[in-house]
> 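My questions will all concern the structure given below.
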Amino acid sequence: VTASPNTTTLGGRELAAELRRRTAEAAATLAAAGRPPRLAIVVATADESSAWYVRSIAKAAAAAGIVCDIVSPAPTEIHTVLSRLGADDDVHGIILQTPLPAGIDVGDLTPAIPPAKDVDGANPTSLGRLAAGQPAFPPATAEAVLALLDHHGVALAGRHAVVVGRSMVVGKPAAHLLLDRDATVTICHSRTSDLAAVTRQADVLVAAVGRPGLITPEHVSPGTVVIDVGTNPTADGGLVGDVDPAVAETAAGLTPVPGGVGPVTTALLLQHTVRAAGGP
Ligand code: NAP
């Protein structure tokens, strides 16, 4: 993203480094007390972009002193493996990596992750608790949106937040977290008519769709802060968001892709794992 003089680039790398530093400290304390934090990532497909993501989490976990097991069950064994990890006292966090093999419904499997170990908020019970204002791990990506807004000092109370996307992993939990912070929240999706008319009303606009360039300058008013959650692979091996870079000419702030939501998401997954192990 080429930032214009009017736009602040709301980067995530500095915040991610600070979160990882605190997580490593907490992990060292737990390890010294004989309780090294342990994360299990269950991977059931050979999808290349997800393999890249899993390797990056495993590397960040190792650097923070978190033991990370990558478990690759056969499709028919995923539920059994999740239940076994759920019952294993030495495992503190469990991530079920998507996509899953064709014909397998993620909703049939995530209830097998105990909420106390559900560090990426995938169990519907975690989302229900979030909606009910009860303690739960939010999906790390949704929490990363809030963490970035806070880090860059963006006020939320009384302001209009528009979330584009209503998935269980990003859109819905992000909307609940924004509501919890007293924003007035609108959720848009593929059936929203005149998307631009809605998004132009946003003080804070969160794009979580998975379509490069969906959000154009026409969708953004001057003064809007835009959080781009989209991660869309490009033909040359790069990554672009959902927001057209030209939006930087109008928006007050814009997250870069890569280097915005992504690194904060990974750092929060590790923070959740340490918390699940009893850390601060
Ligand atoms: P998803 O499950 O495919 O959901 C996409 C949402 O976008 C759906 O609610 C869909 O509406 C809506 N949508 C599709 N086309 C639209 C349109 N033309 N106008 C308005 N809304 C539209 O995707 P997801 O898992 O939430 O992920 C969204 C993006 O975030 C992807 O690019 C993904 O790679 C990225 N992501 C990034 C991270 C990270 O760490 N940075 C983590 C997770 C995901 P319907 O509900 O009506 O179909």
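First listed ligand is number 1; within each ligand, the first listed atom is number 1. Keep in mind it's a predicted model, so treat the numbers as computed, not measured.
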> Report yes or no: does C188 have a heavy atom closer than 4.0 Å to ligand 1?
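The answer is no, since C188 has no heavy atom less than 4.0 Å from ligand 1.
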> Any idea which heavy atoms bring A251 and T7 closest together, and the distance?
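Here A251 and T7 meet closest at O-OG1, 3.0 Å.
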> At their closest point, which heavy atom of T265 faces which heavy atom of A144, and how far apart are they?
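Looking at all heavy atoms of both residues, the closest pair is OG1-CB, 3.5 Å.
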> Can you check which of P263, G165, A142 brings a heavy atom nearest to atom 6 (C) of ligand 1?
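Closest candidate by heavy-atom distance is G165.
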> When you measure from atom 21 (N) of ligand 1 to every protein heavy atom, which one gives the shortest distance, and what is it?
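Going atom by atom, the protein heavy atom closest to atom 21 (N) of ligand 1 ends up being H189 C, 3.2 Å.
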> Within a reach of under 6.0 Å around CG of D89, are more than 12 heavy atoms found that belong to other residues, nucleotides or ligands?
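No - once you tally the heavy atoms of other residues, nucleotides and ligands closer than 6.0 Å, there are 12 at most.
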> How long is the gap from OG1 on T23 to CZ on R275, to the nearest 0.5 Å?
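T23 OG1 to R275 CZ: 8.0 Å, rounded to 0.5 Å.
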> Starting from atom 38 (C) of ligand 1, locate the nearest protein heavy atom and write down its residue, its atom name and how far away it is, to 0.1 Å.
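Atom 38 (C) of ligand 1 sits closest to the protein heavy atom T141 CG2, 3.7 Å.
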> Do me a favour and list the nearest non-hydrogen protein atom to atom 14 (C) of ligand 1 with residue, atom name and distance?
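It is V209 CG1, 3.5 Å.
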> Between CG of D203 and OG1 of T224, what distance do you get to the nearest 0.5 Å?
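If we round to the nearest 0.5 Å, D203:CG and T224:OG1 are 7.0 Å apart.
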> Tell me which protein heavy atom sits closest to atom 46 (O) of ligand 1, plus the residue, atom name and distance to 0.1 Å.
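The closest heavy atom on the protein side is R166 NE, 2.7 Å.
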> What protein heavy atom is closest to atom 15 (N) of ligand 1, reported as residue, atom name and distance in Å?
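The closest one turns out to be R211 NE, 3.1 Å.
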> Tell me the contacting part of V164 for ligand 1: side chain, backbone, both, or neither, using a 4.0 Å heavy-atom threshold, strictly below.
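Looking at V164 and ligand 1, just side chain atoms fall under 4.0 Å.
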> For the hydrophobic clusters of this structure (ILVMFWY residues joined by side-chain heavy atoms under 4.5 Å, transitively), does one cluster hold both L10 and L268?
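Looking at the clustering, L268 is in the same group as L10.
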> Salt-bridge test for R21 and E18: reply yes if a basic N is under 4.0 Å from a carboxylate O, no otherwise.
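Salt bridge between R21 and E18, a charged N being under 4.0 Å from a carboxylate O: yes.
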> Salt bridge check: are D88 and R38 linked by an N-O gap of less than 4.0 Å?
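Salt bridge flag = no for R38 with D88.
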> State if V169 counts as touching ligand 1 under the rule of any non-hydrogen atom under 4.0 Å.
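Yes, that is the case, since the closest heavy atom of the residue is under 4.0 Å from the ligand.
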> G171 near ligand 1, heavy-atom distance under 4.0 Å?
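So G171 does not count as touching ligand 1.
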> Would you say D242's side chain and R211's backbone share a donor-acceptor pair under 3.5 angstrom?
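At least one qualifying donor-acceptor pair exists.
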> Any N/O of R191 closer than 3.5 Å to an N/O of ligand 1?
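N/O-N/O distance under 3.5 Å: no.
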> Can you pull out the closest protein heavy atom to atom 31 (C) of ligand 1? Residue, atom name and distance to 0.1 Å, please.
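Looking at atom 31 (C) of ligand 1, the protein heavy atom closest to it is G210 CA, 3.6 Å.
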> Between N232 and ligand 1, find which residue part has any heavy-atom pair under 4.0 Å and reply side chain, backbone, both or neither.
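The answer is the side chain.
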> What residue and atom, counting heavy atoms only, is the protein's closest point to atom 10 (C) of ligand 1, and at what distance?
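Going by distance alone, atom 10 (C) of ligand 1 is nearest to S190 N, 4.2 Å.
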> Hey, is ligand 1 close enough to T265 that some N/O pair sits below 3.5 Å?
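Among all N and O atoms of T265, at least one is under 3.5 Å from an N or O of ligand 1.
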> Is a salt bridge present between E48 and R55, judged by a nitrogen-to-oxygen distance below 4.0 Å?
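The answer is yes: the pair qualifies as a salt bridge.
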> Would you say CD of E14 has more than 12 non-hydrogen atoms from neighbouring residues, nucleotides or ligands within 6.0 angstrom?
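For E14, atom CD is not crowded (no more than 12 foreign heavy atoms under 6.0 Å).
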> Of V229, T266, L214, which has the heavy atom at the shortest distance from atom 18 (N) of ligand 1?
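Going through V229, T266, L214 one by one, L214 has the nearest heavy atom to atom 18 (N) of ligand 1.
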> Atom 26 (O) of ligand 1: which protein heavy atom is closest, and how many Å away?
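Ranking protein heavy atoms by distance from atom 26 (O) of ligand 1, first comes S167 OG, 2.5 Å.
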